[in-house]
2 protein chains.
Amino acid sequence: MSELVELSQGERDALEKLEERQRPVRRGAVLQRENEPCNELFILRKGLMMSYVLLADGSRQILRFLFPGDMLGVSSAVYQEAPETLAALSDCVVSPFDRAALAEIMREHPRLSALILVYCQIERVALTDRLAALGRTSAKARVAALLLELRNRLRTTNKSIANAFALGLTQEEIGDATGLTAVHVNRMLRQLEEDGLITRESGRVTLLDERALGHAANYVNRYKGLDLSWLPPPRS
Amino acid sequence: MSELVELSQGERDALEKLEERQRPVRRGAVLQRENEPCNELFILRKGLMMSYVLLADGSRQILRFLFPGDMLGVSSAVYQEAPETLAALSDCVVSPFDRAALAEIMREHPRLSALILVYCQIERVALTDRLAALGRTSAKARVAALLLELRNRLRTTNKSIANAFALGLTQEEIGDATGLTAVHVNRMLRQLEEDGLITRESGRVTLLDERALGHAANYVNRYKGLDLSWLPPPRS
DNA sequence: CGTCTGCTTGAGCCTTGTCAAGAAACGTGG
DNA sequence: CCACGTTTCTTGACAAGGCTCAAGCAGACG
């Protein structure tokens with residue numbers, strides 16, 4: 001959050017309290033399972049996670065990829081049973097905290113409350129971008145958008161990433177995120193390669209023509225263009 | 001909001017302040033346009049609205065239908081430019097208010113802040129349901145889900161609605177919401193009718209077999225099953 | 001009464017899914 | 001460090017769900 005505004009000491013203390021505890025999570029492990037009661041929220045400290053739902057026919061829709069700094073399980077905190085599963089795509093570290101800690105922030109730190117709302121809205125807009133992609137764009141555009149989003153989010157934690165990165169996802173997972181089959185994802189990656197937009201070698205992807213990719217994908221970086229001038233002042 | 005918890009006098013006053021002003025909106029009118037700056041939020045008092053985005057090729061994705069009581073434009077308040085368009089599907093009445101009023105609620109009313117977060121999460125989960133529908137379910141299931149969602153949301157404002165209702169949408173609009181073409185929406189409606197799940201006459205739809213529809217559509221009512229026990233106490 | 005928007009239906013096509021099989025990469029235990 | 005099993009990737013052939021185009025029809029509205 002400190003990337004958006006200068007935090008006061010009291011605010012920093014409150015956020016650090018959320019991160020008191022740490023818990024390692026193995027690759028493939030499930031932190032929270034759909035339809036099971038859940039009493040914890042988390043902040044992701046290290047690694048890559050995802051949230052997904054399973055449908056009646058066994059197919060999976062990946063809703064979101066989660067990166068260090070993201071707050072996990074907010075929607076589950078609001079329900080008696082989690083609406084989605086949280087699983088680790090790589091070895092991760094999370095900081096669990098309970099609903100009461102969230103309530104305390106809402107009570108004591110109006111500006112942090114507003115910032116949490118801001119993050120929820122960023123996430124919401126990113127979700128609607130993906131909704132529009134699934135509803136109205138081609139398979140190739142969806143895969144391109146996923147690559148761009150992934151690269152941009154990885155870069156916020158690891159500044160050294162430029163145009164090449166290890167995507168850390170199987171083609172099956174890319175398909176479950178974009179609403180495609182793994183086979184078709186493979187074809188789309190090959191086409192993007194043939195079009196000269198990317199290159200690939202053993203799990204690493206290089207974006208060759210970012211502008212053309214962004215255009216093909218209708219991509220907008222939703223972490224830019226924010227307006228935070230209206231936030232209430234920090235209380236302490 | 002009073003449907004979720006018993007509000008205190010101070011909270012009621014704060015919410016009524018948001019609804020001080022009223023503005024009529026004609027059917028078809030646009031309240032807020034994508035990529036234009038916006039300084040207002042709204043509460044929808046009467047009528048049916050939608051939010052949508054337009055893609056580069058001119059196609060439209062409807063993100064959400066909006067019903068009386070919904071807060072509109074929260075995501076736009078967070079950005080310098082609105083990420084989506086708000087348009088009226090019927091003659092409507094809205095109550096505009098500005099970002100400062102939102103900031104004041106965050107400052108003075110922790111429990112209302114938490115409730116706003118809860119509503120954002122309900123909306124978020126409804127969006128992820130639709131994401132999963134677009135990514136992983138058939139055209140027929142998506143149309144069925146839309147009908148169910150629409151009926152349930154209409155019923156929260158108009159208790160007299162049972163299984164029959166006027167949907168107030170063109171087939172083109174249904175298509176833009178479900179990621180289908182108007183032509184295919186028509187075919188799916190006819191199939192649902194042939195399957196004995198619904199009947200139609202001149203814009204009115206009757207749900208004949210709600211259970212089977214819900215099953216076909218993978219539908220979950222996200223306004224149920226909430227857990228609000230953790231909310232902070234009202235300050236006044 | 002004419003126009004316009006929305007609904008309905010058919011024919012044919014295209015994008016994406018399904019199934020299958022082989023190759024490559026990865027992980028694990030010896 | 002090797003050998004094996006498993007997962008993942010790759011590619012082809014074929015099927016199907018949904019789209020496009022086109023035309024006729026019905027109802028709303030000036």
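Order of the sequence lines sets the chain letters (A, B, ...), proteins ahead of strands, with each chain counted from 1.
- In this structure, CD1 in B/Ile116 is found 7.0 Å from CG in A/Leu117, a value given to the nearest 0.5 Å.
- At least one donor-acceptor pair under 3.5 Å links the side chain of A/Asp57 to the backbone N or O of A/Ser59.
- One can place NE2 of B/His184 at 15 Å from P of C/dT16, the figure rounded to the nearest angstrom.
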N/O contacts under 3.5 Å, protein versus nucleotides 24-26 of chain C?
none

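- Within the structure, the salt bridge (charged side-chain N to carboxylate O under 4.0 Å, His left out) test picks out the following pairs touching residues 161-184 of chain B (sequence neighbours left out): A/Arg136-B/Asp176, B/Arg60-B/Asp176.
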Polar pairs (N or O, both sides) under 3.5 Å between protein and nucleotides 3-11 of chain C?
{"from": "C/dC7", "atom 1": "OP2", "to": "B/Gln171", "atom 2": "N", "distance (Å)": "3.0"}
{"from": "C/dT8", "atom 1": "OP2", "to": "B/Gln171", "atom 2": "NE2", "distance (Å)": "2.7"}
{"from": "C/dT8", "atom 1": "OP2", "to": "B/Asn186", "atom 2": "ND2", "distance (Å)": "2.6"}
{"from": "C/dT8", "atom 1": "OP2", "to": "B/Arg200", "atom 2": "NH1", "distance (Å)": "3.1"}
{"from": "C/dT8", "atom 1": "O5'", "to": "B/Asn186", "atom 2": "ND2", "distance (Å)": "3.1"}
{"from": "C/dT9", "atom 1": "OP2", "to": "B/Arg190", "atom 2": "NE", "distance (Å)": "2.7"}

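- At the heavy-atom level, A/Gly179 lies under 4.0 Å from the strands shown only through sugar-phosphate atoms.
- Contacts of B/Gly203 with the nucleic acid, taken as non-hydrogen atoms under 4.0 Å apart, are absent.
- Comparing the end axes of the helix from C/dC1-D/dG30 to C/dG30-D/dC1, each fitted to five base pairs by superposing C1' atoms of four pairs onto the next four, gives an inter-axis angle of 50° (nearest 10 degrees).
- Between the side chains of A/Tyr223 and A/Arg153, at least one donor N or O lies within less than 3.5 Å of an accepting N or O.
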Item to check | Stepwise salt bridge (Lys or Arg N to Asp or Glu O under 4.0 Å) test for B/Arg23 and B/Glu40 | outcome: CA-CA 12 Å; B/Arg23 186 190 303 172; B/Glu40 290 179 311; 3.0 Å; yes

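- Under the 3.5 Å distance criterion, the side-chain polar atoms of B/Glu34 are matched with a main-chain donor or acceptor of B/Leu54.
- Taking the charged nitrogens against the carboxylate oxygens, A/Arg130 and A/Glu149 have no contact shorter than 4.0 Å, which rules out a salt bridge.
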Next on the checklist: Run the side-chain contact (heavy atoms from CB on, under 4.5 Å) test on B/Phe165 and B/Thr206 for me, step by step, so that the C-alpha distance in whole Å, both residues' side-chain angles and the decisive distance to 0.1 Å come before the verdict.
Outcome noted: CA-CA 7 Å; B/Phe165 61 102; B/Thr206 306; over 6 Å; no

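- A donor-acceptor pair is defined here as one N or O able to donate and one able to accept, closer than 3.5 Å; no such pair exists between the side chain of A/Glu81 and the backbone of A/Glu36.
- A/Gln32 and A/Ser76 are linked by a side-chain donor-acceptor pair at a separation below 3.5 angstrom, with hydrogens and angles left out of the test.
- Closest approach of B/Tyr52 and B/Ile62 over heavy atoms only: CB-CA, 3.8 Å.
- The 12-atom threshold is exceeded at CZ of B/Arg155, counting heavy atoms of other residues, nucleotides or ligands nearer than 6.0 Å.
- On the nucleic acid side, DNA chain D contacts chain A at distances under 4.0 Å to non-hydrogen atoms, with the end points of that region at D/dT8 to D/dA13.
- Screening residues 43-54 of chain B for salt bridge (charged side-chain N to carboxylate O under 4.0 Å, His left out) gives B/Glu19-B/Arg45 as the qualifying pairs, with residues at least two apart or on separate chains.
- The separation between A/Met188 atom CE and C/dT16 atom P is 6 Å, rounded to whole Å.
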